[in-house]
Amino acid sequence: MAAGLQTLISLDQLHCFKMSEFGTAEPYAWTAFFKIDGDTVKVDLSDDGSPGLFLTGTCTFVATQGSHGDLRDRSVAEGDDVPIPAELGEVRLPLTPIRATQRTGLPEEFSVPGTVGVVVALLEENLASDAGAAAGRQAFNRALEQGINDLIPKLGMKKRQPDAKDIKDLIAAVGNAVHDAVEGAQGLGRNILSFFDGDQLIDAHIFTADSDALAATPTQPIDARFQRLQDTPGVGTEIVDDYRLTGEIVGIPAGPLVYQTARRSAEYGTPAAVNGPAVCLVPQWGVQNIIYRDTGGLVHELWRDADGKTGTTNLTGAAAGAPHATGTPCSYVDTAAGQEVVVYRGTDQNVHSLYWSTGAPGHDNLTGSVGAPTAAGNPAGYFEAAAATHHVIYRTGNGSLQELYWAGLDPVGHGSIMPAGAPPAAGDPVAYLDATHGTNLVIYRGTDRNIHSLYWSGSGSVGHDELSEVAGTPQAAGDPAAYYTAGADVHQIVYRTADGSLYELWWAGNAPVSGWNVTGAAPGAPPAASDPAAYYSPGANTKHIIYRSADNHLHELSWVPGTATPGHVDLTVSALARSAVDRPAAYAFQPNEIAHLDTRHVVVYRSTDNEIREIGWTTGNLVIFTG
């Protein structure tokens, strides 16, 4: 018997291989979602006496809006990727089994699987007016819904899916309806068709999945070429427009979702993100902040307070003199002043800071104010509460790691932290404080592709340790994540290797460093395609790693220190979430100061449509560390 599902259809992006336009193209898309399931359809006997069992009823049809410019990019060149906006390419639909009517004589528990699908037409904007294209869009919705409903009685136990002729006839009927609507809106008739040069249909496809297929494989990929062919004298038939559409249909068992999603940037309509976000908790205020850079280089804050109220601030726009940003910003808390601090590399290649508690943020040009070398990567910052000192670490063009430091309103100091024997950095560092011993630590990937640590206390000299080489773990292919757990006096570092394995390096106190392959020990965990995020939950005594796989799904690995088999969750599937790009960020928090209350875990990421989104879930343990 088929089971009920919750489904997500998500169209991610178009890639342009070839276009027929001179200069750049202006593609746009018409999409519509539908389901044929037990909500509106039954298995029944044919009313005309035909032998066998057939479907009867109508589809559930979800029309979308938009026409010219609905992909938001009206200047597409060959090689470009065009994200599909959520309003065109994303819908959740429950999918229920299709039951039989009483007159069939079938048992009550009999059912056949329901089907969910999406129709996508890709067009090129040419000479059709906006009004004409809009009329065509409405005709597309009407004709498509009617055409799907006309197909339903042809389906049954002997014919489970439409055949090629059914699809061809459906496309032709929809095409004729669209053509007539566009001509009618523009005052043109078929008798003067030779004067009509409307928009060009590139291609159209229908993508479906039934509940049996989704129950067996929860993710059904969408990967299709949209091509327009043309007969050219002396050449023959050639492809003149060629796009690739990717996405997926996901289905999970019906019921309350353990994992929830939120569209944080869409909530306030903040601009599209250009890379992954940073996160920061402000314990004094109970505030959870997300920091990200938009496509224009502005840095935005998405905040949520202790009561769950949300808001947003354009930080660079509100801070006088703050330049636009490049790369990914970093955020931390100045607990002495009760301020959040964001450090970032500006378009001038200097490292800048923004800081605020309430009101407009202040701004400082950190490297520029003291003549420190310019940055070649993303800075990392943290606050040393015992000394009330800020530390910002960044990489220069020659791979040298530099420190900027200051206390309160004191001037910024700076200097290289590269001791003799330490190789140059090949990526961005991560930095943190061992508060138990008052030791500053910087972890980085060297040009030798090994993971290294730099460490010092106060004004003492900087030490250097080879970590991955000593632990006997493979060389790194990306930047590490690192944190310190004071309760166990343990340092943890997670990094990605060339084959996508995630390794953890760890040591307690002054013990030697050890390492192990975490993904290799986690059943079902796919290789990583991004650098990881990592944190520790002391209340439950569990470690967590979040990463993106090659199919753009986000995954969680979690385990109790000392155990050998991490648990694995595909967060994207479990939350019915939009797929991710870039490196995710993650944190966990206790909603208030009372011990042993539920803990909220949150993963923040840039989705394939360049929104900032969250996946969250709750566990029944206290967590006080954020990562």
Side-chain angles (χ1 to χ4, degrees), residues 259 261-262 264 273 275-281 288-293 302 327-332 378-382 427-432 443-445 451 476-485 491-497 500-506 518-519 522 525-538 542-550 552-559 566-572 574-575 577 579-589 599-607 612-617 619 623-627:
Y259 299 86
T261 62
R264 293 299 309 280
N275 54 10
V279 296
C280 182
L281 296 189
Q288 311 150 50
N289 285 347
I290 300 168
I291 308 297
Y292 79 95
R293 177 173 65 95
L302 301 170
T328 301
C330 171
S331 184
Y332 64 91
N378 300 317
Y382 62 95
D428 295 328
V430 60
Y432 63 93
I443 311 297
Y444 72 99
R445 174 173 54 104
I451 299 296
D479 295 334
Y483 58 92
Y484 173 74
T485 56
H491 301 257
Q492 283 98 177
I493 298 159
V494 182
Y495 72 96
R496 175 173 53 99
T497 64
S501 295
L502 292 175
Y503 278 78
E504 182 192 44
L505 302 170
W506 64 275
V518 185
T519 45
S530 76
D531 292 334
Y535 62 90
Y536 172 67
S537 298
T542 54
K543 297 181 180 181
H544 301 259
I545 296 173
I546 311 296
Y547 69 96
R548 178 177 56 86
S549 56
N552 291 327
H553 285 200
L554 293 174
H555 300 263
E556 180 208 21
L557 303 174
S558 61
W559 71 100
H568 164 248
V569 175
D570 184 324
L571 295 172
T572 302
S574 298
S579 295
V581 290
D582 298 324
R583 179 182 190 168
Y587 65 92
F589 73 101
T599 295
R600 186 70 178 168
H601 301 255
V602 179
V603 175
V604 184
Y605 68 100
R606 178 167 72 104
S607 54
I612 298 297
R613 302 191 183 216
E614 290 179 351
I615 298 174
W617 68 100
T619 59
V623 171
I624 58 175
F625 178 81
T626 65

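Note that this is a predicted model, so its numbers are computed, not measured. For the numbers below, each heavy atom of this structure counts, side chains included, while hydrogens, waters and symmetry mates do not.
Side chain of S331 to backbone of V279: no donor-acceptor contact under 3.5 angstrom is found. Looking at R293, its side chain never comes within 3.5 Å of a backbone N or O of P329 through a donor-acceptor pair. The backbone N or O of S530 lies less than 3.5 Å from no partner atom in the side chain of R583, so there is not a single donor-acceptor pair.
For T519, the side-chain hydrogen bond (donor to acceptor under 3.5 Å, both in side chains) criterion is met by N517, not counting sequence neighbours. Residues that satisfy the side-chain hydrogen bond (donor to acceptor under 3.5 Å, both in side chains) test with R496, not counting sequence neighbours, are D531. With sequence neighbours left out, the ring-ring contact (aromatic ring centres under 6.0 Å, His included) criterion links W617 to Y259, H601. For T328, the side chain to side chain contact (heavy atoms under 4.5 Å, CB included) test picks out N275, N378, with sequence neighbours left out. V581 meets the side chain to side chain contact (heavy atoms under 4.5 Å, CB included) test with R606, T608; sequence neighbours excluded. Listed by chain and number, the residues in a side-chain hydrogen bond (donor to acceptor under 3.5 Å, both in side chains) with Y605 amount to none (sequence neighbours excluded).
We find the CD1-CG distance between I291 and L302 to be 8.0 Å, quoted to the nearest 0.5 Å.
Donor-acceptor pairing under 3.5 Å is lacking for the side chains of Q492 and Y536.
By the 30° and 60° cut-offs, the orientation of the rings of Y547 relative to H555 is parallel.
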